[in-house]
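Each chain gets a letter, A, B and so on, in the order the sequences are listed, and its residues count up from 1. None of these values were measured; they are calculated from a predicted model.
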Amino acid sequence: MNKSLNEYYVDVLLPLALEGTFSYSVPTPLVERIAKGQRVEVIFGTSKLYGALVYKVHQNKPKYKKIKAILNIIDEKPIINEQQFTYWEWIASYYMCSLGLVMQAALPSHYLLSSDAYAFLQTDNDLLEEALSLEEEIIYRALRKDEFVKTHDLKKLLGKKSILGLLRAMTEKKWIRTSHHIQKTYKSKTQKFIRLHPSLDDDQLSNIYEIDLRRAAKQQEALLAIIEASESQKEIARTSLAHIKSNILKALEEKNIIVFIDRVVSRIETEEPTKKVNFSGVKIDPKQQKKIKNLLKKDAVQLLNDAELIPYLYAINKKYQPGEQTLILIPNIDFEHEALTIIQNEYANDFIFQNSKQGNDVRYEIWDKVQKDVRFIIGTRSSLFLPFKNLKHILLLQEHDPAYKQFDPSPRYHARDAAIILAHQLKAKICLFSNTPSFESLLNNHQKKYLSLQKAESNNLGNEIELIDLQKAAKQRALDGSFSKKLTKEIATALEQNAQVIIIKNRRGYAPVLICKNCDWKASCPNCDVKLTYHQFSKKFICHYCDYKARYIPTCKECQSTDLELKGFGTQKLEEELELIFPMAKIHRVDSDTASGRKRFQIIQEKFLAKKIDILVGTQLAAKMINASSLKLIAFVSGDQMINRPDFRSEEKAFQYIQSLLEKKGAQTKVLIQSWNPEQAFYHSIKGSDYYNFAFKRMRERQLFHYPPFVRMIHLTLKHKEKSIAERAAHLMVVFLKKKWGDRIQGPITPSIERMFGRYHVDVVIKHEKQRDKMEGIKKSIYEANLFLTKQSDLKSVRISINVDPQ
DNA sequence: AGCACGCCGACT
DNA sequence: GTCGGCGTGCTC
């Protein structure tokens, strides 16, 4: 095939948040080598270079005036295969976002290349003799110091928003020049190894040891260690000789007794397994085993309870064929499970742990290894995009966990649903695990779309909960701030027994707020409709929505009074109350202020386990210590906050959460919930019935009132700086969509937080039947409505974000 | 996303 | 008068 007879073009995806593809021409010498799935280097805009992904190679001349040519082919072989593109297309179309954004979610950032502009000197003359402006002088000195300087760094150096004009002027005077370079950021990790000098034989070595080194005891000692280690492996990691000082080794190197070698090592391969746990050591109920064996013959999605996870793994392990891969999806990085421990120990060199917090270089190595061969991949939702070589099984743990749904940035995909599609496309088997399945999965199971749910056994744990009626307590004057007398008594009893207590309050604004003593004004964010909270750790007032930070706020914005005070709310207030009631107790607070970051949380956790804390007060983070053996009491100060959120799923999620705690807690731990209204149906359910009873009762209500899982939902949020414009846009959107879809469209709705990032939000909610044609029709209408809005001259700058299947 | 172009107020 | 602020629109 001779491709070079005609002109070729490529449509590429750029690593930018842009809709659609862009077309470039392919220079003849590159035509033979180009293919879909490779990255190419292109100029986009004035001078910036990007690594763009080839989405289509074709011969149809695009009808644009200016068609640039690709500069370069970056990958000799495609890095994305046809199946991955098909998967991306599904995500983009189902969740209504551009392919470019899917690409950004899918690729390790190392693959998303964009250039930096550099400046360098163009003249040898000493410019300080010229009439330089102050800014020019700063730039000149910076360039004289380092040969190439990023223009971005120069911008920071000058503290200006734009230095483009300045640089251009200096370029015109032929003082400097600028150029663009794509940075290849991957750096392999190297490790120092030591080996005996290859020219030495045993006799020579013993000679050296006895004669040459007779007066260097330390060197003798080191050589002996190296010789010993050399018996099992030729090259010895420097780290395994940590006890030997560097100067000793250096001396041996200089005497040509040993050599140093730099080896490229993997960041992801773990050391040898710490302890052997064998699947064969796991007791498996033969009935269970038979059931799972039968399940594995069928193709449908399966839904099982947690107790069936290890038998399931055992079963697929038994049928394992070399090269097969298993993906185990977990809701978040910290998720721990016995089954994962078994895999990590058993297959230490054949499993990968992946999550979105890993550094670029690690992700790059993971990508590489998954492509080659690795048996188990344990990871969070972004692992769905890995380039699997031969994926045979997907296991999704804690199926009901809302963390599986991505919110920002787009694509707002749900890992459970996306995993089911992936399994279908790859003809892999998929099994969801949960003791408290989401209503969505229960319905699918009920309608026999899924197979074989067996209720988890120890399900009726609710009767271990004790409710405290705050209304009654208030009437009896048995209420002390946030605490009922009953609760403080229970805490006191626990403390007397030298046991530990956890107090939980679900409240977002946990840190203190700045309040005006004169007029009750509270410091709020200039961009969002929320109060600023004070963070002790950074000593700053912070907005949780837009990350606005202020060092200090001197006066009240209402009455200009300077008489301001920090007042604790949420968990901090609880902590203060507890300190008054139990002055002798060791009380510690845990929330994202005191425990931001994993390390700080771990420190608190260790302290708690070492019994250096009597009472732990906090948000749901605190509940992670639920399995501590000396935990006597866990109490929810206000259970109502958990279930009365403005979200139709709040009771479902609360039940799932409380049940997971009940399952994890020890027998000695008591659970107390304070409520102003303990007669609410929810409390009856959680105390009296098992999850399935509760779920089916609530699902009937959802069906009656047309809520998921019986209908599908799409949320539209329209955002604009001007409230009236956002409202008008939302109104027009509703009118437009109602014409075709009638009652399925609801809104405009003002959300509970009206303003965020300096923009007013107005919502439109769509509820529609679970039929494919309806779904596609509505999505088409949304695109049309979008187009219609952008044609209204005053609404052009209204931003619309779309959330399909919101959580 | 970044950059150009165009329109406004505050300053040598 | 100009410099530089931001709002808007375009990039193959």
**OP:** Output the single nucleotide from B:dC3, C:dT8, B:dA1 whose closest atom is nearest the side chain of A:S797.
**Re:**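 Closest of the options to the side chain of A:S797: C:dT8.
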**OP:** Measure from the ring center of A:F385 to the ring center of A:Y413 and say whether it is less than 6.0 Å.
**Re:**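 For A:F385 and A:Y413, the ring centres are under 6.0 Å apart.
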Can you tell me how far [atom2] of [N] sits from [atom1] of [X], to the nearest Å?
X: A:D794; N: C:dG9; atom1: CG; atom2: P; value: 12 Å
X: A:L13; N: C:dT11; atom1: CG; atom2: P; value: 18 Å
X: A:Y64; N: C:dT11; atom1: OH; atom2: C1'; value: 10 Å
X: A:K66; N: C:dC10; atom1: NZ; atom2: C1'; value: 10 Å
X: A:L71; N: C:dC12; atom1: CG; atom2: P; value: 12 Å
X: A:L795; N: C:dT8; atom1: CG; atom2: C1'; value: 15 Å

Select base, sugar-phosphate, or nothing to describe what [X] touches, counting heavy atoms under 4.0 Å on all strands.
X: A:L164; value: sugar-phosphate
X: A:Y24; value: sugar-phosphate
X: A:K796; value: sugar-phosphate
X: A:S114; value: nothing
X: A:T46; value: sugar-phosphate

Original post:
At what distance, to the nearest 0.5 angstrom, does CG of A:L14 lie from CD of A:Q104?
Top reply: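 Rounded to the nearest 0.5 Å, the CG-CD separation comes to 9.5 Å.
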**OP:** Could you give me the CA-CA distance, side-chain angles and deciding distance for A:S382 and A:Q354, then say whether side-chain hydrogen bond (donor to acceptor under 3.5 Å, both in side chains) is met?
**Re:** CA-CA 8 Å; A:S382 55; A:Q354 117 110 37; 2.9 Å; yes
Original post:
How far apart are the C-alpha atoms of A:H152 and A:D116, what are their side-chain angles, what is the distance that settles it, and do they pass the side-chain hydrogen bond (donor to acceptor under 3.5 Å, both in side chains) test?
Top reply: CA-CA 8 Å; A:H152 180 81; A:D116 288 309; over 6 Å; no
Using a cut-off of strictly less than 4.0 Å, decide whether [X] has a side-chain nitrogen or oxygen near OP1 or OP2 of [N].
X: A:K48; N: B:dA1; value: no
X: A:K721; N: C:dG7; value: yes
X: A:R168; N: B:dC3; value: no

Please list every donor-acceptor pair under 3.5 Å in which a side-chain atom of residues 795-805 of chain A meets a protein atom from a residue at least two apart or in another chain.
residue	atom	partner	partner atom	Å
A:S797	OG	A:H720	NE2	2.9
A:N803	OD1	A:K405	NZ	3.1
A:D805	OD2	A:Y94	OH	2.7

